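Model, not experiment: these values are computed from the prediction. FYI, side chains are in, hydrogens and waters are out, and symmetry mates aren't considered; it's all heavy atoms of this structure. In what follows, residues are counted from 1 in the order of the sequence shown.
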Amino acid sequence: MVVTEHHDVKIAVIGGSGLYNLEGLELVEEVNPETPWGFPSDKIIISKLPSGTKIAFLPRHGRGHYLTPTEVPVRANIAALKHLGVEAILAFSAVGSLREEIPPCDFVLPDQLIDRTRGLREATYFGNGVVAHAGFADPFHAGIAELVYAHKDILDFGAKLHNKKTAVCMEGPAFSTRAESHMYRSWGADIINMSALPESKLAREAEIAYQMVCMSTDYDCWRVEEEAVTVETVMQNMVNNGANAKKLLMAVLPALDKAVRENTLKPDLKGSMKFSGMTAKEKRNPETVKKLDYILPGYY
Ligand SMILES: CSC[C@H]1O[C@H](OP(=O)(O)O)[C@H](O)[C@@H]1O
Ligand SMILES: Nc1ncnc2[nH]cnc12
């Protein structure tokens, strides 16, 4: 069963590079559950905002940043959050900009995604005797994006919030070549990171409303007048970005929590995976059904 009574936490924040904690909040509990897909990246901190809204926070790469994008146990991360009762995720990510009009420190809400990972990541909960196909035409959640975009004027340091952009997710950990960076621009991509996949896809399979909030840290390497991206540049810009991320969160989370609790967040993904299954009942592998029960109880 999904445990909602004890924690009563409906919203999670996933922190990316440079965002490992949300200080200054009232601690409710720390949890580190073992899921059927192993342990999450780190302890999940459940805390309370001044408004009373409870949130679960999980740093994607672990506190101390010891997991590469390829190594992040994404299935365990999403499963652990779902099992806590989480219905909506705001996932932060440091990204490179592929567009002149998105300078470092601007924020971006992507609505589309191009997959350039290389098949090294566990990217689905299905297989092993239970087949299902989630709809993924719109990989991010339009309702959450709208709620966040309503706070576009709240960012400090002159940062702008851009909406409805296209992200490309590469494998890494090395950054792109200049030829690749130009190619992504020619494909229409606006920003690049290494973590939008499979996180967004697994959230969809778990019926969690998921939106990435991307924070531009560099111009990748396509721009001739700019030095190619380095970790140093990324982390320098994450100082301002981290402060803006926290400001944005404090403004958005109470409204998001209300929308989730009042069931007004659209599209509503609940129940979508019930009818995405293909496998005949008598052919389903009972062990896989049991694992899936952790995130989608009673579905298969
Ligand atoms: C430190 S630069 C590359 C690294 O930063 C981003 O991480 P995250 O998405 O977790 O903020 C990017 O995806 C890469 O993993
Ligand atoms: N240029 C870049 N490429 C991939 N991931 C990034 N994260 C931050 N900057 C990036």
Side-chain angles (χ1 to χ4, degrees), residues 1-16 19 21-31 44-59 77-93 107-111 138-156 159 161-164 199-200 202-204 206-215 242-273 295-297:
M1 282 301 290
V2 174
V3 183
T4 48
E5 313 79 26
H6 175 48
H7 300 286
D8 192 32
V9 60
K10 300 274 184 205
I11 308 230
V13 174
I14 296 180
L19 192 64
N21 286 295
L22 293 177
E23 302 88 4
L25 301 181
E26 182 190 330
L27 177 69
V28 175
E29 200 178 351
E30 292 182 2
V31 292
I44 299 171
I45 309 285
I46 300 174
S47 42
K48 214 186 248 185
L49 306 191
S51 62
T53 308
K54 271 200 220 162
I55 59 157
F57 180 83
L58 174 61
N77 287 353
I78 298 295
L81 294 174
K82 177 68 194 272
H83 197 71
L84 282 175
V86 164
E87 294 181 25
I89 294 178
L90 272 179
F92 283 84
S93 173
F107 278 33
V108 182
L109 297 164
D111 69 346
D138 295 301
F140 300 106
H141 195 277
I144 302 184
E146 199 182 311
L147 273 180
V148 177
Y149 195 62
H151 294 88
K152 65 179 168 35
D153 297 325
I154 210 174
L155 300 180
D156 286 331
L161 177 61
H162 305 257
N163 200 5
K164 299 187 194 296
E199 207 171 81
S200 51
L202 290 166
R204 181 61 53 85
E207 296 184 348
I208 299 177
Y210 175 98
Q211 179 64 45
M212 257 200 163
V213 181
C214 297
M215 303 171 287
N244 263 339
K246 286 168 195 163
K247 200 168 176 209
L248 188 62
L249 274 176
M250 295 311 134
V252 172
L253 288 174
L256 181 56
D257 189 64
K258 185 168 183 280
V260 169
R261 286 179 195 278
E262 292 176 358
N263 225 356
T264 55
L265 200 59
K266 296 286 173 282
D268 183 4
L269 300 172
K270 287 193 284 302
S272 57
M273 292 309 295
I295 51 168
L296 298 167

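- In this structure, the side chain of H141 engages the main chain of I144 through a donor-acceptor pair within 3.5 Å.
- Proximity of a side-chain donor or acceptor of R204 to a complementary backbone N or O of D138 within less than 3.5 Å is detected.
- Considering only residues two or more places apart in sequence or on other chains, D153 meets the side chain to side chain donor-acceptor pair (under 3.5 Å) condition with none of them.
- Side-chain atoms of Q211 do not come within 3.5 Å of backbone N or O of L109 as any donor-acceptor pair.
- Side-chain contact check for P110 versus K164: every heavy-atom pair is 4.5 Å or farther apart.
- Of all heavy-atom pairs spanning L81 and A56, the tightest one is CD2-CB, 4.2 Å.
- Contact of the L22 side chain with the I45 side chain is not registered, since no non-hydrogen atoms from C-beta on lie closer than 4.5 Å.
- Counting non-hydrogen atoms of other residues, nucleotides and ligands closer than 6.0 Å to NZ of K258 gives a total of 12 or fewer.
- Annotation: side chain of V13 is in contact with side chain of L253 (closest heavy-atom distance under 4.5 Å).
- One finds the OG atom of S47 at 10.5 Å from the NZ atom of K54 (value rounded to the nearest 0.5 Å).
- Of the N and O atoms on the side chains of K270 and N263, at least one donor lies less than 3.5 Å from an acceptor on the other residue.
- Scored by the salt bridge (Lys or Arg N to Asp or Glu O under 4.0 Å) test, K48 finds no partners at all (sequence neighbours excluded).
- In this structure D257 satisfies the side chain to side chain contact (heavy atoms under 4.5 Å, CB included) test together with K10, I11, T53, R261, sequence neighbours excluded.
- Two residues are said to be in side-chain contact when any heavy atoms from C-beta on lie closer than 4.5 Å; L25 and L49 meet this criterion.
- Between V148 and L161, some side-chain heavy-atom pair lies under the 4.5 Å cut-off.
- The shortest distance between side-chain heavy atoms of K247 and L155 does not fall below 4.5 Å.
- Using cut-offs of 30° and 60° on the angle between ring planes, the pair F107 and F92 is perpendicular.
- Using modelled atom types, one side-chain atom of K82 and one backbone atom of I295 make a donor-acceptor pair closer than 3.5 Å.
- Residues P59 and L19 have side chains not in contact (no heavy-atom distance under 4.5 Å, counting atoms from C-beta outward).
- You'll find the side chain of L147 reaches within 4.5 Å of the side chain of L265, heavy atoms only.
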